[in-house]
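Everything below concerns the one structure shown next.
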Amino acid sequence: MASQASIPKGTRDFSPIEVSKRNYIISTIQQHFKDFGFQPIETPTFENSDTLMGKYGDEGDRLIFKILNSGDFLKKVDTAVYEKKDSLRLSSSITEKALKYDLTVPFARYVVQHQNDIDFPFKRYQIQNVFRADRPQKGRFREFTQCDADVIGSDSLWQEVEFIQLYDAVFTSLNLKGVSIKINNRKILSGLAEVIGESDKLIDFTVALDKLDKIGEEGVKKEMLEKGISESAIENIKPIFNLKDDFETKINLLKSLLSHSKIGQKGIEELEFIQKALQELPLKTAKLDLDVTLARGLNYYTGAIFEISAPPNVKMGSIGGGGRYDDLTGIFGLKNMSGVGISFGLDRIYLVLEELNLFPKTVEETTKLLFINFGDEEALYALKAIQALRKNHIAAELYPDAAKMKKQMSYADKRSIPYVVLAGGREMQNQVYNLKNMATGEQSNCNLEKLMIHVSG
RNA sequence: GUGGAUGUAGCUCAGCUGGUUAGAGCACUGGUUUGUGGUACCAGGGGUCGUGGGUUCGAGCCCCAUCUUCCACCCCA
């Protein structure tokens with residue numbers, strides 16, 4: 001290998017076809033965002049470190065890419081910190097900026113900073129890349145694209161209903177069947193923790209519970225015991241380990257389980273509201289599924305929690321997620337702003353569509369006609385036709401060099417260009433173009449007008 | 001951050017217990033066809049075997065380190 005050209009681990013180059021396919025997904029999502037009344041914003045690729053640090057938990061902090069200060073950054077460092085090799089304190093003093101880790105926290109910062117210019121409730125969407133210093137694996141990258149839609153400034157549950165519809169609309173458009181929208185409510189999790197008398201261990205409790213489908217009932221029990229949750233407490237909530245029935249049966253079980261928890265009951269009420277609304281507004285493609293074990297790591301969720309699972313025949317983690325957060329902007333000083341939002345994981349949706357062969361053929365279409373170059377005089381003749389074609393938004397191009405016919409033809413073939421136009425001396429004399437259909441091999445002479453009709457049909 | 005696997009031509013991979021000049025298919029370039037691609041036939045170019053050390057008379061193969069990719073965990077889209 002002569003060159004050592006390479007890119008950092010967890011990042012990717014995208015070829016023309018890949019970009020076309022990504023754009024197909026992005027424009028689909030974007031169209032539905034607009035249809036639902038969301039407005040676009042963008043925020044910087046990097047933020048001040050303290051905007052991001054501490055917002056995603058310890059694990060999150062570890063995964064934030066920090067940007068080294070410019071200039072003689074060591075000069076300002078406390079000698080004691082430096083000599084002790086205290087990485088944590090050292091890094092906070094030499095990295096004042098960090099790459100954004102998700103779109104939600106920068107959005108919260110945006111809302112607080114621009115609160116006087118925003119009309120609430122504010123519905124925004126945002127499609128940008130985010131960065132995580134994670135170890136890459138399948139469907140997990142260090143730079144990836146998130147497509148977020150959030151509403152801030154309304155605690156109406158109709159928003160949750162609409163977001164579920166939005167998910168459904170997007171997956172319907174992408175022709176992706178078998179997606180399940182898993183829903184849960186933080187209040188139910190709080191209620192469960194309360195009922196078993198372990199409210200102070202809510203996080204440990206939910207993190208363990210979240211792993212049910214991965215490590216099984218015994219694994220979850222073991223982890224809960226390790227975290228200091230009592231055996232009798234686990235016994236109390238045992239029924240939720242085996243919830244396999246429909247939405248209503250699950251709700252009923254939760255009702256009896258949480259009859260003594262006010263907050264738990266509130267969570268049930270919210271779920272029922274959403275479910276009843278959706279019975280009147282049925283989903284087209286996706287399935288709504290109550291999953292009591294759904295917790296998600298982000299600790300700012302306070303109400304609904306969403307997670308989107310790829311169809312069961314595809315081996316892929318979640319392809320989207322979201323939820324309600326009552327006080328996200330509180331950390332930046334703006335109180336009483338309830339928000340709810342969802343995110344689409346573009347890169348994972350891409351992998352799922354690729355695996356299921358769901359990209360429409362049309363996304364790969366580029367140039368429709370290639371004009372063979374026979375020389376300067378002929379090229380000029382060709383370009384006159386090309387100019388007219390382009391004016392009608394028919395993509396056409398001239399092979400730049402008067403190369404051998406074979407070379408030009410195989411170039412068209414390799415690029416899957418459906419039509420080739422041969423216009424040499426003979427055609428010029430008769431003021432025609434020889435149009436060749438590359439799929440059928442058919443060839444005929446026609447004037448510019450007919451050429452256009454033929455190709456656009 | 002923890003544990004495991006991997007790396008040979010542009011791509012997918014062969015390469016025996018360490019032994020001459022490292023192979024195949026596909027792709028690429030040229031020709032059979034100087035106004036006709038996708039098929040066929042012929043010829044050709046291309047690898048300091050991920051990188052750096054070490055063991056050995058001799059290393060693609062053994063040892064160490066490092067990087068990449070992949071898998072599991074953690075976490076997550």
Using a 4.0 Å heavy-atom cut-off, does [X] contact any base of the nucleic acid, only the sugar-phosphate backbone, or nothing at all?
X: A:Glu427; value: base
X: A:Gly10; value: sugar-phosphate
X: A:Leu422; value: base
X: A:Gly57; value: nothing
X: A:Gln146; value: sugar-phosphate

What's the gap between [N] and [M] when it is taken at their [atom1] atoms, as a whole Å value?
N: B:rC42; M: B:rU69; atom1: P; result: 41 Å
N: B:rA24; M: B:rG45; atom1: P; result: 12 Å
N: B:rG60; M: B:rC74; atom1: C1'; result: 36 Å
N: B:rG58; M: B:rA40; atom1: C1'; result: 46 Å

Quick one: which of [options] gets closest to the side chain of [X]?
X: A:Lys414; options: B:rC74, B:rU69, B:rU29; value: B:rU29
X: A:Lys406; options: B:rG35, B:rC74, B:rG37; value: B:rG37
X: A:Ser318; options: B:rG37, B:rG1, B:rA77; value: B:rA77
X: A:Lys9; options: B:rG35, B:rU68, B:rC75; value: B:rU68
X: A:Gln137; options: B:rC76, B:rG35, B:rC74; value: B:rC74
X: A:Leu63; options: B:rG37, B:rC75, B:rC76; value: B:rC75
X: A:Arg135; options: B:rU36, B:rC71, B:rA77; value: B:rC71
X: A:Asp134; options: B:rC76, B:rC75, B:rU36; value: B:rC75

Watson-Crick or G-U wobble partner for [N], using a 3.5 Å limit on both distances?
N: B:rA5; result: B:rU69
N: B:rU21; result: none
N: B:rA43; result: B:rU29
N: B:rA59; result: none

Quiz item: Any donor-acceptor pair under 3.5 Å joining the side chain of A:Asp413 to the base of B:rG38?
Solution: no
Quiz item: Can any side-chain N or O of A:Asn185 pair as donor or acceptor with the backbone N or O of A:Lys187 at less than 3.5 Å?
Solution: yes
Quiz item: Between A:Asn48 (side chain) and A:Thr51 (backbone), is there a donor-acceptor pair under 3.5 Å?
Solution: no
Practice problem: Step by step, work out the side-chain contact (heavy atoms from CB on, under 4.5 Å) result for A:Asp150 and A:Val340. | Solution: CA-CA 6 Å; A:Asp150 291 79; A:Val340 56; over 6 Å; no
Quiz item: Closest nucleotide of RNA chain B for A:Pro136 versus for A:Ala439: which of these residues is on the 5' side?
Solution: A:Ala439
Quiz item: Taking for each residue the nucleotide of RNA chain B with the nearest heavy atom, is it A:Lys436 or A:Thr11 whose nucleotide lies nearer the 5' end?
Solution: A:Lys436
Self-check item: Ring-ring centroid check A:Phe38 A:Phe163, cutoff 6.0 Å
Solution: yes
Exercise. With sequence neighbours left out, write down each residue that passes side chain to side chain contact (heavy atoms under 4.5 Å, CB included) with A:Lys9, or none if nothing qualifies.
Key: A:Pro136, A:Arg142
Quiz item: Taking only residues two or more places apart in sequence or in another chain, which ones pass side chain to side chain contact (heavy atoms under 4.5 Å, CB included) with A:Asp326?
Solution: A:Thr302, A:Arg324, A:Ser338
Figure out the [atom1]/[atom2] separation between [X] and [N], and round it to whole Å.
X: A:Gln408; N: B:rG38; atom1: CD; atom2: P; answer: 14 Å
X: A:Phe65; N: B:rG1; atom1: CZ; atom2: P; answer: 11 Å
X: A:Asp102; N: B:rA77; atom1: CG; atom2: P; answer: 8 Å
X: A:Arg415; N: B:rG38; atom1: CZ; atom2: P; answer: 17 Å

Exercise. Write down the atom of A:Gln408, the atom of A:Asn373, and the distance for their closest heavy-atom approach.
Key: OE1-N, 2.7 Å
Exercise. Would you please determine if the base of B:rG37 is stacked by A:Tyr411, with stacking meaning a centroid separation under 5.5 angstrom and planes under 30 degrees?
Key: no
